[in-house]
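Only one structure is covered here, and it is reproduced in the block below.
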Amino acid sequence: MRRIFAAALVTLMTVAPLCAADVDPAVRRFVAEAAGTLTIEPDGTVSATTLPDELQPALRDAYAAAIRRWNFEPIVVDGRAVRALGHMRLALAIELKGDAFQRASIERVTFVDASGEPTSVLGPGAKMHPPSYPMELARDGIGGEVILAVETDADGRILRAAAQSGSVYANVRARDAARAQRAFGMLARASVHAARNWEIPGCRASVCTVPVRYTIQSSPDRAPFWLPAHEIPVTPEPWMMGVGVVALGADGAASSRFRLKTSVDGMEVLDAGG
């Protein structure tokens, strides 16, 4: 199984390198954004799920098995728990050491209703103009993701924003860590600058997180599903600490119906022994 996963990813190892042909022989991390569906039974268990075809079959099966172990608060309609179909947006990660598969995990998940539209007050009415892509990074084909924490007033306007965590989409050797940190800083500043003008009605007088993703489409047909990622250490701002944080999707949306009881962030799905 490890050889199968490695073979599927070998073509990604030169995507957006910080130095040409400069691949770290240690653990390499790849990330992907995936959309899927799940069916939640009246007791809160998951009976079925669908995931994208881009996932290698054995890996897709492992992710599906993990999702079916999730447990939700029952979804109640007119005083009665019902079966519900929902859409989910998953942030996935896998790790390789050399050419050997190490682990797969689910980093984050947000939910929307079966129609694909956000429910309740989270999402509709949000004014979230995307940030400008830093020209230097766009020219060099370097992308990344910034998990942006925002604090809002009673109307959903942004009071302050800062990077909570994130990564650069690149293969990075130890000697290139400073350059990766600089690239991430450029992405974080662009995200914070854009967020100053955002309005998120569903995030009122709260602290919320929004993923801001920067990608370069390397072919005229489609961007690669898996992207090499180098995690960047970030020191959280004091105002982020000790508060309940609402995780939103990239469009400021989240479902108010689907309340997951299982802890998912960084959930390991498969390891080298699996």
Side-chain angles (χ1 to χ4, degrees), residues 31 33 35 87-91 107-113 115-138 142-169 180-216 227 229-260 264-266:
V31 297
E33 295 289 322
H87 287 213
M88 57 186 171
R89 299 166 185 165
L90 299 154
E107 300 300 295
R108 298 184 311 279
V109 60
T110 55
F111 302 100
V112 294
D113 284 339
S115 64
E117 296 300 323
T119 64
S120 188
V121 295
L122 296 183
K127 299 177 182 178
M128 301 174 65
H129 189 75
S132 299
Y133 207 122
M135 292 299 296
E136 177 183 334
L137 301 186
I142 296 173
E145 181 181 55
V146 179
I147 305 301
L148 196 67
V150 296
E151 184 179 21
T152 61
D153 64 16
D155 296 316
R157 291 188 292 264
I158 306 303
L159 297 175
R160 48 189 171 180
Q164 184 189 63
S165 60
S167 58
V168 170
Y169 296 151
Q181 184 79 48
R182 176 177 174 272
F184 179 77
M186 296 171 68
L187 298 177
R189 286 191 292 274
S191 302
V192 169
H193 180 76
R196 288 173 180 155
N197 296 313
W198 288 355
E199 293 182 23
I200 312 176
C203 183
R204 298 176 187 269
S206 302
V207 175
C208 301
T209 58
V210 178
V212 183
R213 202 169 190 232
Y214 299 79
T215 57
I216 297 292
L227 295 169
H230 175 74
E231 287 189 279
I232 302 295
V234 177
T235 302
E237 297 287 335
W239 56 267
M240 302 179 194
M241 311 296 288
V243 297
V245 177
V246 179
L248 304 179
D251 55 359
S255 174
S256 61
R257 296 178 63 201
F258 298 96
R259 300 184 183 278
L260 184 60
V264 168
D265 291 358

Distance, nearest 0.5 Å, that separates [atom1] of [X] from [atom2] of [Y]:
X: Glu107; Y: Leu90; atom1: CD; atom2: CG; result: 11.0 Å
X: Arg213; Y: Ile147; atom1: CZ; atom2: CD1; result: 10.0 Å
X: Ile142; Y: Tyr133; atom1: CD1; atom2: OH; result: 8.0 Å
X: Asp155; Y: Cys203; atom1: CG; atom2: SG; result: 12.0 Å
X: Leu187; Y: Arg182; atom1: CG; atom2: CZ; result: 11.0 Å
X: Arg89; Y: Leu248; atom1: CZ; atom2: CG; result: 10.5 Å

As a quick check of understanding, evaluate side-chain contact (heavy atoms from CB on, under 4.5 Å) for Leu148 and Trp198, giving each step before the final call. CA-CA 12 Å; Leu148 196 67; Trp198 288 355; 4.0 Å; yes
Is any side-chain heavy atom of [X] less than 4.5 Å from a side-chain heavy atom of [Y]?
X: Pro233; Y: Gln181; answer: yes
X: Asn197; Y: His129; answer: no
X: Ile200; Y: Cys208; answer: no

Would the distance check show the side chain of Ser206 and the main-chain N or O of Arg204 forming a donor-acceptor pair, the cut-off being under 3.5 Å?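 Answer holds: yes.
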Is there a donor-acceptor pair closer than 3.5 Å between any side-chain N or O of Thr152 and the backbone N or O of Ala205?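 Yes; judged by distance alone, with no hydrogens or angles, the pair exists.
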Determine the minimum heavy-atom distance between [X] and [Y], stating which atoms define it.
X: Ala190; Y: Pro131; value: O-CB, 3.4 Å
X: Val146; Y: Ala163; value: CG1-CB, 3.9 Å
X: Ala195; Y: Ile158; value: O-CG1, 3.0 Å
X: Ser165; Y: Phe184; value: O-CZ, 3.8 Å
X: Ser191; Y: Val212; value: OG-CG1, 3.6 Å

On the 0 to 90° scale, with breaks at 30° and 60°, tag the Phe111-Phe258 ring pair as parallel, tilted or perpendicular.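 The rings of Phe111 and Phe258 sit tilted, inter-plane angle from 30° to 60°.
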Can you pull out every salt bridge (Lys or Arg N to Asp or Glu O under 4.0 Å) where at least one residue sits in residues 143-152? Sequence neighbours excluded, please. Arg108-Glu145, Glu151-Arg160
Assess whether side-chain contact (heavy atoms from CB on, under 4.5 Å) is satisfied between Val31 and Tyr169, documenting all intermediate values. CA-CA 9 Å; Val31 297; Tyr169 296 151; 3.5 Å; yes
